[in-house]
Amino acid sequence: MKNPNLFRGALAAMAIALTPLPLAAQEVTLKLHQFLPAPATVPKLILKPWAERVEAASQGRIKIDHFDAMALGGTPPSLMDQAIDGSADLTMTVVGYTPGRFPKTEVFELPFMMTDPIATSKAFQELVETDLQQGEYKDVHVLGAWVHGPGVIHSRDGVARLEDMQGLKVRGPTRVITDMLKELGATPVGMPLPAIPEALSKGVIDGTVIPWEVTPAIKLSELVSHATEFTGSKEALYTATIVLVMNKAKYDSLPEDLRAVLDAESGQALAEFAARVMYERDKPGRDIAEGNGTSFVQLDEAEIARWKQKAQPVIDRWVADMDGKGIDGQALIDQARGLIAKHGG
């Protein structure tokens, strides 16, 4: 060949052309759907910071888009099914918005079960990891499970003793909690949180049970002027269970390294973070109510003992219901209490 260098150059160019290029970093965009307005504690101070940590740890390979206040459509009770069918990749919801579908989870909502929201959240997350993920949550992947701070009774006219609950129309978030309200003498009205302001304005309800942290998001202290707190007991009147779940197929389809990124920011780390943030936001919510002239009633130990006794049939019925489903209800209560104690509650 007259020009061997030209020949060698052509061979080198051909070799480069035929060499496979390294794969570009895989980009994953996840849609996160939830029912609260964007300024509320959970989306603003929990879900968005969590998503930012995931995005940073993945070096931008994971992007999470937020859809607040049911922006993708549907109603709060449909959020779990949206995660199951893939309408959304991630959803945050109150478990009890789908009554009866997650019976074991209800153990943490029983009257006077919760002693500390952080310990209870870690207990809930542990039960998810050791039992519920493969059981009642088998159709989704649970990223985090937690509970909110102590439940408070918010009402127009005030509740200072058990008898004041008689006939009061009170909103409750879940099956267990509405059963408790009924046993306490109220007329329970089940509804998701976003419906509370309209229901109060129209007189559908006289009051509601929710923790302090979320009250600013729905301007509750502008609608009712009385709050009843159970400060005379180490156990809260109630709490509700909350989960962040992911479409199972979407989770399984992630590259192994991205699943590891997601896992590192989830589980117990997310449960503790979420519970701590919600609990810490109770005080600012209460301060707003105080500034708006809310009247506070703090029940003492003797009065709370009456409420506990009155609420006991709720626990008895729940145990019987679990036994009918083939679940040892009392053993589950003992297990939940043991896990709460294990985590410092």
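FYI, the numbering just counts along the sequence from 1.
- Residues D287 and K283 have side chains in contact (heavy-atom distance under 4.5 Å, counting atoms from C-beta outward).
- Annotation for K182: atom NZ does not count as buried by contact number, only 12 or fewer foreign heavy atoms lying within 6.0 Å.
- Residues R276 and W146 are not in side-chain contact: their nearest non-hydrogen atoms beyond the backbone lie 4.5 Å or more apart.
- Side-chain contact between M70 and S78 is present, with heavy atoms from C-beta onward closer than 4.5 Å.
- Residues M191 and I205 have side chains in contact (heavy-atom distance under 4.5 Å, counting atoms from C-beta outward).
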**Asked** Is there a side chain to side chain contact (heavy atoms under 4.5 Å, CB included) between E229 and W212 once you walk through the steps?
**Response** CA-CA 10 Å; E229 301 172 312; W212 280 116; 2.9 Å; yes
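- In terms of modelled atom types and a separation under 3.5 Å, the side chain of T91 and the main chain of H33 share no donor-acceptor contact.
- Remark: E163 CD is packed, more than 12 non-hydrogen atoms of other residues, nucleotides or ligands lying under 6.0 Å away.
- E136 places a side-chain N or O within donor-acceptor distance of the main-chain N or O of K104, the cut-off being under 3.5 Å.
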**Message:** Apply salt bridge (charged side-chain N to carboxylate O under 4.0 Å, His left out) to residues R306 and E303 and explain how you reach the verdict.
**Reply:** CA-CA 5 Å; R306 299 175 65 223; E303 178 62 22; 3.0 Å; yes
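- Heavy atoms from other residues, nucleotides or ligands lying under 6.0 Å from OH of Y279 number 12 at most.
- Applying the 6.0 Å contact sphere to CG of D316 captures more than 12 heavy atoms from other residues, nucleotides or ligands.
- Within a 6.0 Å radius of NZ in K325, other residues, nucleotides and ligands contribute more than 12 heavy atoms.
- Counting only heavy atoms from C-beta outward, the side chains of I218 and I210 approach each other to under 4.5 Å.
- Across G285 and T215, no two heavy atoms sit closer than the pair O-OG1, 3.9 Å.
- Every ring-ring contact (aromatic ring centres under 6.0 Å, His included) that F102 has, sequence neighbours left out, goes to Y137.
- Using bins of under 30°, 30° to 60° and over 60° for the plane-to-plane angle, the ring pair F230/W307 lands in the perpendicular bin.
- With no hydrogens or angles considered, a side-chain donor-acceptor pair links E129 and Q125 at under 3.5 Å.
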Check: residues 334-345 side-chain donor-acceptor pairs under 3.5 Å, at least two apart:
from : atom 1 : to   : atom 2 : distance (Å)
D334 : OD1    : Q330 : NE2    : 3.0
K342 : NZ     : E126 : OE1    : 3.1
K342 : NZ     : E126 : OE2    : 2.9
H343 : NE2    : E126 : OE1    : 2.7

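- A donor-acceptor contact closer than 3.5 angstrom links the side chains of E235 and S233.
- Checked for salt-bridge contact, E265 and R53 meet the test: a charged N lies under 4.0 Å from a carboxylate O.
- To the nearest 0.5 Å, the span separating CD1 on I177 from OG1 on T239 amounts to 7.0 Å.
- Salt bridge absent: D139 and R101 never bring a charged side-chain N and a carboxylate O closer than 4.0 Å.
- At least one side-chain heavy atom of L262 sits less than 4.5 Å from a side-chain heavy atom of V54.
- Shown here is E301, whose CD atom has no more than 12 heavy atoms of other residues, nucleotides or ligands within 6.0 Å.
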**Message:** Between K44 and D68, does the salt bridge (charged side-chain N to carboxylate O under 4.0 Å, His left out) criterion hold? Intermediate values first, please.
**Reply:** CA-CA 10 Å; K44 181 179 179 180; D68 304 315; over 6 Å; no
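- Looking only at side-chain heavy atoms (C-beta outward), L162 and L184 come within less than 4.5 Å of each other.
- Looking only at side-chain heavy atoms (C-beta outward), T174 and V95 stay at 4.5 Å or farther from each other.
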